[in-house]
Amino acid sequence: MRESKVIAPDLLDWYDRHARTLPWRVPPGGPPADPYRVWLSEVMLQQTTVAAVKAYFLRFTTLWPTVQALAGADDAAVMAEWAGLGYYARARNLLACARAVTAMGGFPDTRAGLQALPGIGAYTSAAIAAIAFDRAETVVDGNVERVVSRLFAVQTPLPRAKPELVTLAETLTPQARPGDYAQAMMDLGATICTPRSPACVICPLQAVCDARAQGIAAELPRKTPKPAKPLRQGSVWLARQGGALLLEHRPPQGLLGGVLAFPSAGWDGRDLPPPGPAAWCDLGAVRHVFTHFTLDLTVLLGDLTGNPTRGELTPLRQIDREALPGLMRKVWDMAQPALRG
DNA sequence: ATCCGGTTAT
DNA sequence: ATAACCGGAT
């Protein structure tokens, strides 16, 4: 059992003096912000920095001041305004969510109700419930994970530590001012308890921070090193004869087992020669990321001058792109200009 | 060149 | 359980 901590009073005092002023924020201590603006900003903030979001938020709220207005917008207009922000599934979910909310007469005011909406997951539902509806939900984003892992000097590496960090974070959430508290945690993570060099000397929580006491704040949270993906290289042959290309079924076991593919070699443990005699023309390389490695495959096109040694000649028009694995689709796509010209 | 980060689909 | 989705920061 870990020692419990009380941080909300000190953190809220700090927030009252140092809260960032942001277009979607209201000042600390006052009534909560408009749920529409909280939702819109939180969705934009998913995987995206505050600096990048500001201009988009202003533009969206000018164009569409309410969720009803946004619900009535053309899909294409919203996609166009979102352009440049990235992760475009967010924009599609944004519209679906705006329409659902409009149909139900307004935003749900509970975390569960919010999380049932498109594009709203564990983080965003808690953030809206806390910030817009003053509910004592615990908001855990990357900032909070970092702050909590340091406060309690959690040595378990992420992502395995996630459930432990959520549990610890829940013990810290106050009943009073949960919205300001949530924003304070994120501001602390963004401005003081930063990933690289945390400013512990000016941190309002330095006195209760275990990592600070142990001098390991900058080393936390630990992360399981992503298995370094080695780069492998190989060749794939587009062996042409008349209007047909050589295709083969890969060996039933192992990588891409049993799927249709253009003959290839050099990257999957097999080191085979070209599937027939031809003068090969280098079309360039396709890159494909597998679970354990990144593959650069050199695409070679040639007209067979003799019998193929493996595979089956398949008429071009009979080749179904959708029947190929992703890697081979990339190869197919790259070859299109050459196969026409 | 590498790190960072929520949600959804698979 | 994990990969796909993108752009910005370091």
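Sequence lines set the chain letters: A, B, ... in the order given, protein chains first and strands last, and positions in each chain run from 1. We use all heavy atoms of the structure for the numbers below, so side chains are in, but hydrogens, waters and symmetry mates are not.
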### Message
Need to verify one output field. Residue with the more 5' nearest nucleotide on DNA chain B, A:N143 or A:N93?
### Response
A:N143
### Task
Select from A:R196 and A:S125 the residue whose nearest nucleotide in DNA chain B is closer to the 5' end of that strand.
A:R196
### Query
Side chain of A:Q47, base of B:dG6: donor and acceptor closer than 3.5 Å?
yes
Side-chain N or O of [X] closer than 4.0 Å to phosphate OP1/OP2 of [N]:
X      : N     : answer
A:R146 : B:dG5 : yes
A:K223 : B:dC3 : no
A:T49  : B:dC4 : no

Under 3.5 Å, is there a donor on one side chain and an acceptor on the other for [X] and [Y]?
X      : Y      : value
A:E42  : A:T124 : no
A:T298 : A:S235 : no
A:Q46  : A:Y123 : no
A:T48  : A:R90  : yes

Using a 4.0 Å heavy-atom cut-off across all strands, classify [X] as base, sugar-phosphate, or nothing.
X      : answer
A:P195 : nothing
A:Y87  : base
A:L45  : nothing

